[in-house]
Amino acid sequence: MFKFNNINLDVWTETYAISFYLSYLSRWPDLCCVQEAPSGRMMGYILGKAEGSSTEWHGHITAISVAPEYRRLSLARNMVNRLELVSDDHYKGFFVDLYVRCNNALAINMYEGFGYSVYRRVREYYGTLGVGKGGKDEEDAFDMRKPLSRDPLRRSVRSNGREVVVNASSVS
């Protein structure tokens, strides 16, 4: 696990207890992926899971991070594409979703470039630091989604997602 330090010590990377990583690897190994350089140095990883029910059955990107020295090599795009493919083909999900801090413009732009759109804003998803600019909490998250082949009518996304605000207690 210490091989991931060059990735996890980045300010934008959420880190978890070792038991959390191991639970994902044991339950959804096909939705977890690591990118390793020829030297053996870790370049990036993605952790995902399948969750929900009925038309809310979906793949979820829990964590994705690429070490700073390996960014802009399409590693994140490749890992996300793989997770989407497995979520679609194996798990038969309707969409893939992820949560991202509302103030992380670089990540939001990257996900939009991958075809994701904001479904809703989740108040205080990451906790609370108080009110920031424009009366918005800096710890809010955007729930971003991308429909898969089981959702040809795109019912899992909405065009006005940035205007829809819910409390963290209302999301699972």
Side-chain angles (χ1 to χ4, degrees), residues 1 4-18 20-21 24 28 31-35 41-52 56 58-84 86-87 93 95-148 154 156-172:
M1 293 301 291
F4 290 91
N5 280 349
N6 67 309
I7 302 167
N8 281 344
L9 295 177
D10 179 67
V11 67
W12 290 108
T13 299
E14 291 292 321
T15 56
Y16 306 95
I18 290 175
F20 182 85
Y21 293 101
Y24 270 72
W28 302 284
L31 293 174
C32 300
C33 176
V34 65
Q35 296 282 315
R41 187 165 172 81
M42 292 294 128
M43 298 188 301
Y45 67 84
I46 189 168
L47 294 176
K49 64 182 177 178
E51 63 181 359
E56 290 293 309
H58 65 282
H60 175 73
I61 299 172
T62 301
I64 183 168
S65 191
V66 174
E69 65 270 28
Y70 295 107
R71 292 187 182 151
R72 304 213 177 268
L73 299 175
S74 296
L75 297 176
R77 179 182 299 275
N78 292 338
M79 290 187 289
V80 168
N81 285 346
R82 182 183 179 283
L83 186 138
E84 291 169 359
V86 173
S87 296
F95 59 93
V96 172
D97 79 341
L98 59 92
Y99 292 93
V100 61
R101 278 186 165 75
C102 293
N103 63 357
N104 190 346
L106 284 173
I108 293 164
N109 288 336
M110 178 184 74
Y111 295 130
E112 288 175 339
F114 296 171
Y116 287 78
S117 61
V118 174
Y119 182 73
R120 60 190 169 182
R121 183 184 188 113
V122 182
R123 297 280 298 144
E124 299 178 351
Y125 180 80
Y126 293 102
T128 182
L129 289 177
V131 176
K133 292 186 226 173
K136 306 232 171 135
D137 193 301
E138 297 299 321
E139 297 299 290
D140 288 1
F142 283 138
D143 174 2
M144 298 186 77
R145 296 183 177 188
K146 181 178 180 178
L148 298 174
R154 300 177 56 84
S156 60
V157 294
R158 54 171 67 118
S159 60
N160 66 338
R162 289 177 187 260
E163 300 166 19
V164 177
V165 181
V166 299
N167 291 319
S169 60
S170 68
V171 299
S172 53

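Residues take their numbers from the sequence shown, with the count starting at 1.
In this view, A76 and I64, V66, M110, F114 satisfy the side chain to side chain contact (heavy atoms under 4.5 Å, CB included) rule, not counting sequence neighbours. By the ring-ring contact (aromatic ring centres under 6.0 Å, His included) test, F95 pairs with H58, sequence neighbours left out. With sequence neighbours excluded, the residues forming a side chain to side chain donor-acceptor pair (under 3.5 Å) with Y116 are E84, listed by chain and number. For Q35, there are no side chain to side chain donor-acceptor pair (under 3.5 Å) partners, not counting sequence neighbours. Residues forming a salt bridge (Lys or Arg N to Asp or Glu O under 4.0 Å) with D97 (at least two apart in sequence, or on another chain): none. Applying the ring-ring contact (aromatic ring centres under 6.0 Å, His included) criterion to F20, with sequence neighbours excluded, gives Y16, Y24. Residues satisfying the side chain to side chain contact (heavy atoms under 4.5 Å, CB included) test with A67, not counting sequence neighbours, are N6, I7, E69, Y70. Scored by the side chain to side chain contact (heavy atoms under 4.5 Å, CB included) test, V157 finds S117, R145, P147, R154 as partners (sequence neighbours excluded). A search for side chain to side chain contact (heavy atoms under 4.5 Å, CB included) contacts involving R158 returns Y119, R120, N160, V164, not counting sequence neighbours.
A heavy-atom distance below 4.5 Å is not found between the side chains of N78 and R82. At a threshold of 4.5 Å between non-hydrogen side-chain atoms, the residues M79 and L83 do not count as touching.
Residue N167 comes nearest to S170 through the heavy atom pair O-OG, 2.7 Å, listed as atom of the first residue, atom of the second, then distance. When all heavy atoms of A50 and L31 are compared, the pair lying nearest together is N-CD1, 3.7 Å. V100 approaches A107 most closely through the heavy-atom pair CG2-CB, 3.8 Å. When all heavy atoms are compared, the tightest approach of C102 to A141 is SG-C, 3.5 Å. Of all the heavy atoms in C32 and L47, the pair that sits closest is SG-CD2, 3.6 Å.
To the nearest 0.5 Å, the span separating CD on E51 from CD on E56 amounts to 10.0 Å. In this structure, OH in Y99 is found 10.0 Å from OG1 in T62, a value given to the nearest 0.5 Å. In this structure, CG in N103 is found 7.5 Å from CD1 in I108, a value given to the nearest 0.5 Å. Here the straight-line distance linking atom SG of C33 with atom CG of N81 works out to 11.0 Å at 0.5 Å rounding. Summarising the geometry, atom CE belonging to M144 is positioned 6.5 Å from atom CG belonging to L98; distances are rounded to the nearest 0.5 Å.
A distance-only check finds a donor-acceptor pair linking the side chain of D140 to the backbone of E124 [under 3.5 Å].
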